[in-house]
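Notes follow the structure.
Side chains are part of it too, since the values below use all heavy atoms of this structure and drop only hydrogens, waters and symmetry mates.
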Amino acid sequence: QVQLVESGGGLVQPGGSLTLSCTASGSIFRVDAMCWYRQYLGKQRELVAAIGSGGTTTYADSVKGRFTISRDNAKNMVSLQMNSLKPEDTAVYYCHADVMEYGRRSYLRYWGQGTQVTVSS
């Protein structure tokens, strides 16, 4: 069994910064892509940023130049540094990872529990 645990959400003023972190734990043999999604109330989750095991990154156009995704493979951890935050960044942010567990030959998709980010003055 694998768990993703997120931390770092909260309330911040427009223009401020927050860093989200997510750590995967459990029977982990290998972790492939790690991503951050966000979900607005009543909407579907949307991809914010993704990082491959080799460090290749992808960003949604709305966050390019403001958000930075990074990972620590030794700790199975992914972080999202969010700068110049805007009210429209307010959402629940979810960590996601493709994980191969010991004894398995394929990757399974795991989600964190979500963390609220609120950008408001």
Side-chain angles (χ1 to χ4, degrees):
Q1 189 70 12
V2 173
Q3 289 187 326
L4 301 184
V5 178
E6 301 146 347
S7 62
L11 173 65
V12 64
Q13 292 187 342
S17 298
L18 277 178
T19 300
L20 305 182
S21 296
C22 171
T23 300
S25 63
S27 182
I28 298 171
F29 176 66
R30 185 177 296 156
V31 180
D32 196 5
M34 302 187 82
C35 312
W36 287 97
Y37 284 75
R38 65 186 176 189
Q39 187 170 20
Y40 299 108
L41 190 63
K43 303 289 186 180
Q44 289 188 332
R45 291 182 191 180
E46 62 178 36
L47 179 67
V48 175
I51 184 167
S53 57
T56 302
T57 58
T58 301
Y59 295 94
D61 287 343
S62 59
V63 306
K64 283 180 181 176
R66 300 189 298 122
F67 291 11
T68 302
I69 189 170
S70 60
R71 64 188 287 169
D72 184 332
N73 290 332
K75 297 180 180 178
N76 292 324
M77 185 173 71
V78 61
S79 297
L80 185 69
Q81 174 68 43
M82 305 184 292
N83 298 326
S84 303
L85 282 161
K86 304 175 181 180
E88 52 263 42
D89 294 317
T90 296
V92 178
Y93 285 71
Y94 294 90
C95 173
H96 170 274
D98 294 326
V99 180
M100 181 181 291
E101 297 177 59
Y102 283 104
R104 294 186 181 271
R105 297 186 177 182
S106 60
Y107 288 91
L108 297 179
R109 309 187 69 179
Y110 288 93
W111 292 92
Q113 78 281 5
T115 185
Q116 176 70 46
V117 171
T118 302
V119 184
S120 175
S121 55

Heavy-atom check, side chain of [X] versus side chain of [Y], under 4.5 Å:
X      : Y     : result
Tyr107 : Arg30 : yes
Leu85  : Phe67 : yes
Leu18  : Gln81 : no
Thr115 : Ser7  : no
Val117 : Thr90 : no
Asp89  : Arg66 : yes
Val48  : Tyr59 : no
Thr118 : Val12 : no

For [X] and [Y], which heavy atoms make the closest approach, and how far apart are they?
X      : Y     : value
Leu80  : Ala49 : CD1-CB, 4.1 Å
Ser17  : Ser84 : OG-N, 4.4 Å
Ala60  : Leu47 : CB-O, 3.5 Å
Tyr102 : Ile28 : CE1-O, 3.0 Å

Please say whether the positively charged group of Arg45, taken as NZ for Lys or CZ for Arg, lies over the ring of Tyr94, i.e. under 6.0 angstrom from the six-membered ring centre and within 45 degrees of the axis.
-> yes
Keeping the roles fixed (side chain from Gln3, backbone from Ser25), state whether a donor-acceptor pair exists under 3.5 Å.
-> no
Does the Asn73 side chain pair with the main chain of Ser53, one donor and one acceptor, at a distance under 3.5 Å?
-> yes
Apply the test side-chain contact (heavy atoms from CB on, under 4.5 Å) to residues Arg71 and Val31: give CA-CA distance (whole Å), side-chain angles for both, the deciding distance (0.1 Å), then the verdict.
-> CA-CA 11 Å; Arg71 64 188 287 169; Val31 180; 3.7 Å; yes
Between [atom1] on residue [X] and [atom2] on residue [Y], distance to nearest 0.5 Å:
X     : Y     : atom1 : atom2 : answer
Ser79 : Ile69 : OG    : CD1   : 8.5 Å
Thr68 : Met82 : OG1   : CE    : 11.0 Å
Gln44 : Gln39 : CD    : CD    : 8.5 Å
Asp32 : Met34 : CG    : CE    : 10.5 Å
Asn76 : Thr23 : CG    : OG1   : 8.5 Å

Test: Cys35-Cys95 SG spacing under 2.5 Å | no
Cluster check Met77, Trp36: I/L/V/M/F/W/Y, side chain < 4.5 angstrom | no
Is it the case that one hydrophobic cluster holds both Val5 and Val78, taking links as side-chain heavy atoms less than 4.5 Å apart, direct or via other members?
-> no
For Arg38 and Tyr40, what are the C-alpha separation, side-chain angles and deciding distance, and is it a side-chain hydrogen bond (donor to acceptor under 3.5 Å, both in side chains)?
-> CA-CA 7 Å; Arg38 65 186 176 189; Tyr40 299 108; 3.2 Å; yes
Near Gln113 CD, under 6.0 Å, is it more than 12 heavy atoms from other residues, nucleotides or ligands?
-> yes
Enclosure of Gln1 CD (heavy-atom neighbours >12, cutoff 6.0 Å) = no
Aromatic centroids of Tyr37 and Trp111 separated by under 6.0 Å = yes
